[in-house]
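Each chain gets a letter, A, B and so on, in the order its sequence line appears, and its residues count up from 1.
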Protein chains: 2
Amino acid sequence: MSKKQTYSIGELAREFDVTTRTIRFYEDQGLVAPERRGQTRVYTPADRVTLKLILRGKRLGFSLAESRELIGMYQPQSDNRSQLLALQEKIHQRRVQLDQQLRDIQLLHQELDNAEQRCLESLNQLESKENV
Amino acid sequence: MSKKQTYSIGELAREFDVTTRTIRFYEDQGLVAPERRGQTRVYTPADRVTLKLILRGKRLGFSLAESRELIGMYQPQSDNRSQLLALQEKIHQRRVQLDQQLRDIQLLHQELDNAEQRCLESLNQLESKENV
DNA sequence: CAGATACTTTACGTTAACGTAAACTTCCCC
DNA sequence: GGGGAAGTTTACGTTAACGTAAAGTATCTG
């Protein structure tokens, strides 16, 4: 008895908090390709992972095209040297971008700390005035 | 002699590698409000910082509306208690999101490492075949 | 067996973030 | 003083990523 785990489009939509329209749209764009039982779409765990990657990409501001490229990077089906080198370069570029994002996040985090600090000070000032 | 440093729209466009159209669009959206010398826009260092924040937001996938909100957080002009509390909550939410992005980045970074590893292995296999 | 629920396709609509083009003014330069 | 170069306004165009509505099918359910 194999673990023939599958999902309906509604299940996945609920789990990832998106609409079914969104998931069908991704299929339209060639990002997922679920099987069909009759008309109905049947998603495998692999499809689910793909969805997860897409949504993670979204949280980082990636376009669907970028996410598609990223997903493609994880299965280098190529035995062509120049293609592998190109892939390597793409990976490198992504890493450069990721590093930039990391720095941006750290800066923003710091600024949020400062903002919260000033916010707290303002609140304290209000309190002290109240207690005159 | 004060440091009356200013910038033209073209200078800023070049520095940040965007078009002047983009900068004018941000003004349209109320994100910057440069002074005018006659018709011509004159940007202050503060405007320049604002632009920087917007573009950093873009790199993190923020919409202009989100960036506007963030920028607003840095100058809490309010002495209204409930508004300050609301601001505090917004700051908190942002931090939650930032933390998620951080985790996403770390995961992606790891996967890029793996992808690069497989890429290198494939390249090595090609080399060894060449040298028979 | 009527109705609710979940699925399907088709297709037009919407929003954000600019791009692009046209037509105009200002200033500088030889 | 003719012509770049850089600025301006106005306005229509474009793309991505879905939203929304309509109309139909399959399944279960009291």
Side-chain angles (χ1 to χ4, degrees), chain A residues 4-44 47-48 50-72 94 97 101 104, chain B residues 4-44 47-48 50-72 94 97 101 104:
Chain A
K4 210 154 153 304
Q5 167 77 307
T6 63
Y7 312 88
S8 76
I9 194 170
E11 284 172 348
L12 292 180
R14 250 167 286 139
E15 175 177 359
F16 293 128
D17 195 30
V18 298
T19 69
T20 59
R21 173 69 174 97
T22 296
I23 298 182
R24 292 198 192 96
F25 178 73
Y26 294 160
E27 181 175 352
D28 236 57
Q29 304 298 304
L31 289 164
V32 284
E35 300 163 20
R36 299 288 181 123
R37 184 145 48 207
Q39 283 272 79
T40 306
R41 291 167 173 82
V42 176
Y43 294 86
T44 68
D47 291 326
R48 186 171 159 280
T50 300
L51 276 179
K52 224 174 188 173
L53 293 179
I54 296 171
L55 298 175
R56 190 179 68 194
K58 274 193 64 176
R59 289 195 297 272
L60 293 176
F62 294 178
S63 71
L64 294 184
E66 289 176 306
S67 284
R68 172 171 30 223
E69 207 188 81
L70 272 170
I71 293 169
R94 272 299 147 196
Q97 188 199 335
Q101 283 189 297
D104 287 332
Chain B
K4 208 152 151 310
Q5 169 74 311
T6 63
Y7 312 89
S8 76
I9 194 170
E11 283 172 348
L12 292 180
R14 249 166 287 138
E15 175 177 359
F16 293 127
D17 196 28
V18 297
T19 68
T20 59
R21 173 68 174 98
T22 296
I23 299 181
R24 291 198 192 97
F25 177 73
Y26 294 159
E27 181 175 352
D28 237 56
Q29 303 299 303
L31 289 163
V32 284
E35 300 162 20
R36 300 286 182 126
R37 183 144 50 206
Q39 284 273 78
T40 306
R41 292 168 174 81
V42 177
Y43 295 86
T44 66
D47 292 325
R48 186 170 160 280
T50 299
L51 276 179
K52 226 174 185 172
L53 291 179
I54 296 171
L55 298 175
R56 191 179 68 193
K58 275 193 63 175
R59 289 195 299 270
L60 293 176
F62 294 177
S63 71
L64 294 185
E66 289 176 306
S67 283
R68 173 172 28 222
E69 208 189 78
L70 272 170
I71 293 170
R94 271 301 149 196
Q97 187 198 339
Q101 282 189 299
D104 288 333

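Contact record, A:Ala33 with A:Asp47: N-OD1, 4.3 Å, taken as the closest heavy-atom pair. Across all their heavy atoms, A:Gly61 and A:Glu66 have their closest contact at O-OE1, 4.1 Å. Closest of all the heavy-atom pairs between A:Val32 and A:Ile23 is CG2-O, 4.3 Å.
Spacing between atom CD of A:Glu66 and atom C1' of D:dA16 amounts to 12 Å, rounded to whole angstrom units. Summarising the geometry, the separation between CG on B:Leu55 and P on C:dC18 is reported as 9 Å, rounded to the nearest angstrom. The CG-P distance, from A:Leu64 to D:dA17, rounds to 4 Å in whole Å. Atom pair A:Asp28:CG and C:dT9:C1' shows a separation of 11 Å (rounding to whole Å applied).
Among the nucleotides D:dG19, C:dC18, D:dT8, the one closest to the side chain of A:Thr22 is D:dG19. Checked against C:dG19, D:dT8, D:dC18, the side chain of A:Phe25 finds its nearest nucleotide in D:dC18. Of the candidate nucleotides D:dT8, C:dC18, D:dG7, D:dT8 has the atom nearest to the side chain of B:Arg24. The side chain of B:Ile9 has D:dG7 as its nearest neighbour among D:dC18, D:dG7, C:dA17.
Contact check, A:Lys58 against D:dC18: a side-chain N or O comes under 4.0 Å of OP1 or OP2. The phosphate of D:dG19 has OP1 or OP2 within less than 4.0 Å of a side-chain N or O from A:Thr19. Contact between the side-chain N/O atoms of B:Ser8 and the OP1/OP2 oxygens of D:dG7 is found at a separation under 4.0 Å.
Where A:Tyr43 and A:Arg21 meet DNA chain C, the nucleotide closest to each residue was compared, and A:Tyr43 sits on the side nearer the 5' end.
Residue B:Tyr26 is classed as a sugar-phosphate contact, given heavy-atom separations below 4.0 Å to backbone atoms only. Residue-level contact check: B:Arg36 touches the backbone only, with heavy atoms under 4.0 Å from sugar-phosphate atoms and none from bases. Across all strands, A:Thr20 comes closer than 4.0 Å to no nucleic acid atom at all (heavy-atom distances). If you check every strand for non-hydrogen atoms under 4.0 Å, B:Arg41 touches sugar and phosphate atoms only.
In summary, A:Arg36 and A:Glu27 engage in a salt bridge, as defined by a charged side-chain N under 4.0 Å from a carboxylate O.
For the pair A:Arg59/B:Gln97, no side-chain contact is recorded, criterion being any heavy-atom separation below 4.5 Å from C-beta on.
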